[in-house]
Amino acid sequence: MTTNSLQVSVIARERAASDIVRITLASPDGAQLPEFVAGSHIDVHVDSGLVRQYSLVNHPGERGHYVIGVLLDAKSRGGSKAIHADFQVGRSVRIGAPRCNFPLLTSAKRSILFAGGIGITPILSMARELAALGQAFSLHYCCRGLDKAAFLDEINALNLGNDFHLHLDDGTPDQRFVLADCLPDVDADTHLYICGPEGFINHVVDGAEASGWATPQVHVERFSANVDVTGESFVVVAARSQAEVVVSKEETIVQALARVGVVVPISCEQGVCGTCLTRVIEGSPDHRDMFQTDEEKGAASQCITPCCSRSLSGRLVLDL
Ligand code: FES
């Protein structure tokens, strides 16, 4: 085990919604867990070789335990299905130390939080932090129906009054989510935070940008993405491993490198988590990920997500 991973136990497990389970993890000896900031996630080692990332739901000040919410994904590639079936109270679980790709700017004058479905998990941690700091914010939580809405007790405990809006697709017309009614006028001191399914995120981001919100004020956390990983074949070189292989039209760089014994750590395999991020030494990446910003993708010293990205040049040399 590395210093970045730790062994914890499942100390509680409850149904949070019809398809979401709330799991509480704590150190077996009751020791404090590594600190985290709102919007953080942890790697959860589900089974041998299967790692999935889950946002921490609880307030960052709570160091005695971590809470995650796990949606049983109908298209599960093994992760959420195994957690729902096997993560019972008492089970030992290996996790990574918290990391944050979705930081909250606590100095903003106002924050508007948008959660779609399971996207409530990092958003709830943010709401708890903003409430604890006494900062102004609104929370919009969009669900298909009331049975799909998780953590309502926790949200109601924040006593947000008119600053909490639960939008239900199958609810009354006034409960439906109408973005134009939820977006305030553009304000340089207000920031938007969005998490949920890809379609929900794109809807809110596109609407915000069309309304004049500047990109640096719009913060997004993606759990998954539909990404086309196919394209023309090219040669990839793992410089440190002194290995070279042709990446065929249908395979990823990670898959091609595995054939010659170069193992790249991966998690989402969809270009959203950043686990596989690798420095490019030579060549022109064809970025397919949603993890890096446009600025990062255009930087002189570039990185690539080899789980899904490809090459515009015939040869790509990576720092592997
Ligand atoms: Fe998640 Fe590559 S494994 S971005």
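Positions are given from 1, in the same order as the sequence printed here. As a basis for the values below, the full set of heavy atoms in this structure was taken, side chains included, without hydrogen atoms, waters or symmetry mates.
Around atom CD of Q242, no more than 12 heavy atoms belonging to other residues, nucleotides or ligands sit under 6.0 Å away. For E35, the CD atom sits in a loose shell: 12 or fewer heavy atoms of surrounding residues, nucleotides or ligands are nearer than 6.0 Å. Counting non-hydrogen atoms of neighbouring residues, nucleotides and ligands closer than 6.0 angstrom, the CD atom of E232 reaches no more than 12 such neighbours. Within a 6.0 Å sphere centred on CG of D185, heavy atoms belonging to other residues, nucleotides or ligands number 12 at most. No more than 12 heavy atoms of other residues, nucleotides or ligands shown are found within 6.0 angstrom of CG on N162.
In this structure, the side chain of H191 does not engage the main chain of S107 through any donor-acceptor pair within 3.5 Å. In this structure, the side chain of S284 does not engage the main chain of S313 through any donor-acceptor pair within 3.5 Å. In terms of modelled atom types and a separation under 3.5 Å, the side chain of Q88 and the main chain of A85 share a donor-acceptor contact. Between the side chain of R176 and the backbone N or O of D169, at least one donor-acceptor pair lies under 3.5 Å. For R13 (side chain) and I23 (main-chain N/O), no donor-acceptor pair under 3.5 Å exists by modelled atom type. A donor-acceptor pair under 3.5 Å links the side-chain atoms of Q292 to the main chain of C303, judged by distance alone. Side-chain atoms of R128 come within 3.5 Å of backbone atoms of V57 as a donor-acceptor pair (strictly under, hydrogens ignored). Side-chain atoms of Q217 come within 3.5 Å of backbone N or O of D187 as a donor-acceptor pair. Checked by atom type and distance alone, the side chain of S125 pairs as donor or acceptor with a backbone atom of N58 at under 3.5 Å. Side-chain atoms of T293 come within 3.5 Å of backbone N or O of E296 as a donor-acceptor pair.
Annotation for A208 and V218: closest pair CB-CG2, 4.4 Å, computed over non-hydrogen atoms. Between I123 and C195, the closest heavy-atom pair is CG1-CB, 4.1 Å. For the pair A149 and L166, the tightest heavy-atom approach, listed with the atom from each and the gap, is CB-CD1, 4.3 Å. Taking every heavy atom of both residues into account, C142 and F200 meet most closely at SG-CE1, 3.6 Å. Between V247 and A256 the shortest heavy-atom distance is CG2-CB, 3.8 Å. Closest approach of C307 and V229 over heavy atoms only: O-CG1, 4.3 Å.
Using modelled atom types and a 3.5 Å distance limit, the side chains of Q53 and T275 yield a donor-acceptor pair. Side-chain atoms of R222 and N101 form no donor-acceptor pair, as typed in the model, at a separation below 3.5 Å.
To the nearest 0.5 angstrom, K81 atom NZ is 13.0 Å from D47 atom CG. Here the straight-line distance linking atom NE2 of H65 with atom OG1 of T24 works out to 6.0 Å at 0.5 Å rounding. The distance from atom OG1 of T230 to atom CD of E250, rounded to the nearest 0.5 Å, is 5.5 Å. Atom CZ of R52 and atom SG of C273 lie 9.0 Å apart (nearest 0.5 Å). A distance of 12.0 Å separates CD in E221 from CD1 in I194, rounded to the nearest 0.5 Å. The OG atom of S309 sits 5.0 Å away from the CD1 atom of I304 when rounded to the nearest 0.5 Å.
Contact of the F87 side chain with the V44 side chain is registered, since non-hydrogen atoms from C-beta on lie closer than 4.5 Å. A heavy-atom distance below 4.5 Å is found between the side chains of I68 and L56. Inter-residue side-chain proximity for R94 and Q7 is flagged as met; some heavy-atom pair is nearer than 4.5 Å. You'll find the side chain of F164 reaches within 4.5 Å of the side chain of N156, heavy atoms only. Counting only heavy atoms from C-beta outward, the side chains of I253 and L318 approach each other to under 4.5 Å. At a threshold of 4.5 Å between non-hydrogen side-chain atoms, the residues H84 and V70 count as touching. Contact of the I95 side chain with the Y54 side chain is not registered, since no non-hydrogen atoms from C-beta on lie closer than 4.5 Å. Using a 4.5 Å cut-off on side-chain heavy atoms (C-beta onward), L183 and I112 make no contact.
One hydrophobic cluster holds both L33 and V10 under the rule that ILVMFWY side chains link at heavy-atom gaps under 4.5 Å. Note on I155 and F137: same hydrophobic cluster, where clusters join Ile, Leu, Val, Met, Phe, Trp and Tyr whose side-chain heavy atoms are under 4.5 Å apart, directly or indirectly. In the hydrophobic cluster analysis, where Ile, Leu, Val, Met, Phe, Trp and Tyr join through side-chain heavy atoms closer than 4.5 angstrom, I20 is grouped apart from I83. Connection of I42 to L277 is not established within any shared hydrophobic cluster, with ILVMFWY side chains joined at heavy-atom distances below 4.5 Å, either directly or through further cluster members. Connection of V280 to V254 is established within a shared hydrophobic cluster, with ILVMFWY side chains joined at heavy-atom distances below 4.5 Å, either directly or through further cluster members.
A salt bridge links R22 with E154; the closest basic N to acidic carboxylate O contact falls under 4.0 Å.
Note on residues 137-152: pairs passing salt bridge (charged side-chain N to carboxylate O under 4.0 Å, His left out), not counting sequence neighbours, are D19-K148. Residue pairs meeting the ring-ring contact (aromatic ring centres under 6.0 Å, His included) criterion with at least one partner in residues 281-320, sequence neighbours excluded, are absent.
A parallel orientation is assigned to the rings of H219 and Y193, their planes being inclined by less than 30° (bins at 30° and 60°).
The side chain to side chain contact (heavy atoms under 4.5 Å, CB included) test with L124 is passed by exactly one of L158, V67, L113, L139: L158.
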Worked verdict on F102 versus S55 for side chain to side chain contact (heavy atoms under 4.5 Å, CB included) = CA-CA 10 Å; F102 190 38; S55 297; over 6 Å; no

Can D289 and K297 be said to form a side chain to side chain contact (heavy atoms under 4.5 Å, CB included), step by step?
-> CA-CA 10 Å; D289 66 288; K297 290 174 183 174; 3.6 Å; yes

Stepwise side chain to side chain contact (heavy atoms under 4.5 Å, CB included) test for D86 and V46 = CA-CA 9 Å; D86 303 333; V46 181; over 6 Å; no

Give the C-alpha distance, both sets of side-chain angles, the deciding distance and a yes or no for side chain to side chain contact (heavy atoms under 4.5 Å, CB included) between H59 and E129.
-> CA-CA 6 Å; H59 182 264; E129 177 72 333; 2.8 Å; yes

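In this structure, Y141 has its ring center at least 6.0 angstrom away from the ring center of F151.
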